Protein chains: 2
Amino acid sequence: MRKQPTIRDVASAAGVSVAVVSRVINEGTGPVAAKTRDKVMETIEELGFRPRAAARSLVSGTTTIGLIVTDLENPFFARLADRVVWEARGAGLQVQLMTTQEDAQLEREILDRLQDRSVAGIIATPTGANVDKWHRLLDLGVPITFVDRAIRDLPIDVVRIENVTSSQEATDHLLDLGHERIALISGPSTTTTGAERVDGYRRALEARAIAYRSELVHSVRFRGDAGADAVGSLLDLREPPTALIVANTAQVRNALRRLAQTRIAIPEDLSVVVFDDNPWTELVSPPLSVVRPPTSMLAVHALELVSARLRGRVTDEPRTISVPAEFVARSSTVTITPNPWRAPHS
Amino acid sequence: MRKQPTIRDVASAAGVSVAVVSRVINEGTGPVAAKTRDKVMETIEELGFRPRAAARSLVSGTTTIGLIVTDLENPFFARLADRVVWEARGAGLQVQLMTTQEDAQLEREILDRLQDRSVAGIIATPTGANVDKWHRLLDLGVPITFVDRAIRDLPIDVVRIENVTSSQEATDHLLDLGHERIALISGPSTTTTGAERVDGYRRALEARAIAYRSELVHSVRFRGDAGADAVGSLLDLREPPTALIVANTAQVRNALRRLAQTRIAIPEDLSVVVFDDNPWTELVSPPLSVVRPPTSMLAVHALELVSARLRGRVTDEPRTISVPAEFVARSSTVTITPNPWRAPHS
DNA sequence: TTGTACGCGTTATCAT
DNA sequence: ATGATAACGCGTACAA
């Protein structure tokens, strides 16, 4: 259990002053004789000296950015986090990852903690609450970028999916196949993703003059098993849907599990489209038609935004970058057929 | 862009000394009059003062532990990370998450960085390299716990799965079903998980006096598409296997994808068992028989170990905790049948 | 080119 | 109960 050598230890061991050692470490900050530098480098190596980040960030700034996602079990966020970490490395930034578990109170604590750590920037998927905390961080000059979701009236950069278009496209696909009773399971209407996907769905319907039926639309929470419940009530409908769009990434698994427990055949009885960028969606049977969120793109853009503000001027207007999601038609969606499983009801 | 208030700002605003403010913040470190404390608390609230972690950790220690996993795209690690973060919160610890991408060089950098940050402890899935760095950290008195994998001859706590038993159990299951040509795709033999799972497989075979055939065993890397390649060469065998165990968590998806691209029917042509704790394994068709790693348990134990060393005496011998994995039989494994798809070859 | 000395924000020690 | 002040480890004007 040896004590960490300090810059002073190195200095005295090398027979120079701390200033010289400092200049050797952060090359370019001042002149150092080649010979002296070699000597210093050597002793640094020998003693295994490493400048402590804490002391360093006390005088200079931090090179750590905070990354806030809801939870890592959602493959969408897992991949997002993975990409952000990777990209950050390229930019010489550390990443402090935190998860809100979709809990506003937990998010509060996280934001406090990030402030304590004096992070240089934040990339987050906000719960929607804690506007005061966001304002405080903003006020402190911390560059912030929201990913996936946004909060209204907050001057913060946003990188998002083109939700309306994506949802509309998915709905159109089903309409093209002849479906009219199309169900939608989306996120909470308080979130931008939840609301906008319902909006896109609605527009697609309107364009074909098909009535919007509220009993077919479920805006459910991300946590819990609400996706399964929604499927349940949809199937219990007197006139069940012939197609289903699961636009709530976090609830895709639950919805599918519930479907698997019934006698419903996909796609014969029910065509299904899900919002998910998960490799498993093509491994299930039948392979699922999906709206694939451009996860990597979101990560890249988000990091670019904070990174830019980190270096550049902060006077810029908040920017919003919308990335289109790709619709991938697979085998879970087919032309509407007379619904055999509805027979028993009649 | 306001500057953060310091403890001095609070002190002068409240008309007291910094010492008092400090004592108010870390209650219990010294006597403070109730009246004074209220006054100080009030100004702290008013100014929005928060003690900076950097300055704090300069004099005291850190409350941050480093968590190193290979990558977040592997659901196993994603879940592990999620649980560790959660448990850590309960213990009042922050988590600094880093990913090695299975790259030894990257791991080196990460370990350096963790040292720079003066982390209070480390939980890691080591690549197997950088023994010198681990030794240094150990030497510095940093409590370390390895999860899932271990490195020989390093006095470090380990939380692991009972690999030999798990693998043996999976193999036994297939043997019970009458299979004799059982293929195994495992991790690199340089990793404990890779080697031990082959070992368990081997023991099961020996117990039934069935010859071990090396052409049926593939120890492949975690990264890349080696799992698919392995499946390819197994199917190209003159005498293909009738059963397959994919014991390489990271390669399960690739192996299954490759399988899906062929005309092989599961389980009719090939019984399949995979090591995976992923919800999707029961959503595919047929639902897969799996060896389910007790991910949450691993996380809990790992945190307990570092947490214990953090507070307690460091003199203890390194401990190893082995957690059994649960075998879940589903529909992808059946009694061996005459192999119809082998007919064309004969 | 090199060294000295101070500041960063906090905690802890010792007087008062 | 409170206050002054010395660390903690590093960066950096400024002096030599």
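Fair warning: this is a prediction, and the values are worked out from it, not measured in the lab. Protein chains get the first letters and strands the later ones, always in sequence-line order, with residue 1 at the start of each.
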What pairs with Arg52(B) under side-chain hydrogen bond (donor to acceptor under 3.5 Å, both in side chains), at least two apart in sequence or on another chain? Ser118(A)
Donor-acceptor pair between Thr64(B) and Arg117(A) side chains, under 3.5 angstrom: yes
For Phe146(A), enumerate each residue passing the ring pair (Phe, Tyr, Trp, His ring centres under 6.0 Å) test, keeping only those at least two apart in sequence or located in another chain. Trp134(A)
Sub-3.5 Å donor-acceptor pair from the side chain of Gln115(B) to the main-chain atoms of Arg50(A), do we have one? no
Glu102(B) with Arg149(B): basic N within carboxylate O range, under 4.0 Å: yes
Short question: side chain of Thr99(A), backbone of Gln101(A) - any donor-acceptor pair under 3.5 Å? no
Check: residues 13-37 of chain B side-chain donor-acceptor pairs under 3.5 Å, at least two apart:
{"residue": "Ser17(B)", "atom": "OG", "partner": "Ala19(B)", "partner atom": "N", "Å": "3.4"}
{"residue": "Arg23(B)", "atom": "NH1", "partner": "Pro31(B)", "partner atom": "O", "Å": "3.4"}
{"residue": "Thr29(B)", "atom": "OG1", "partner": "Asn26(B)", "partner atom": "O", "Å": "2.7"}

Is the backbone N or O of Val159(A) less than 3.5 Å from a side-chain atom of Asp148(A), with the two atoms forming a donor-acceptor pair by type? no
So, with a heavy-atom separation below 4.0 Å from DNA chain D, the residues of residues 109-121 of chain A are none
Quick one: does Asp157(A)'s side chain have a donor or acceptor within less than 3.5 Å of a partner on Leu305(A)'s backbone? no
Pick base, sugar-phosphate or nothing for Ser57(B), based on heavy-atom distances below 4.0 Å to the nucleic acid. nothing
Go along nucleotides 6-12 of chain C 5' to 3' and tag each nucleotide: B for a protein heavy atom under 4.0 Å from its base, S when only backbone or sugar atoms are that close, - otherwise. --BBBSB
Bounds of contact between DNA chain D and chain A, in 5' to 3' order, using a heavy-atom cut-off under 4.0 Å: dG9(D) to dT12(D)
Strictly by modelled atom types, are Ser60(A) and Arg56(A) linked by a side-chain donor-acceptor pair under 3.5 Å? no
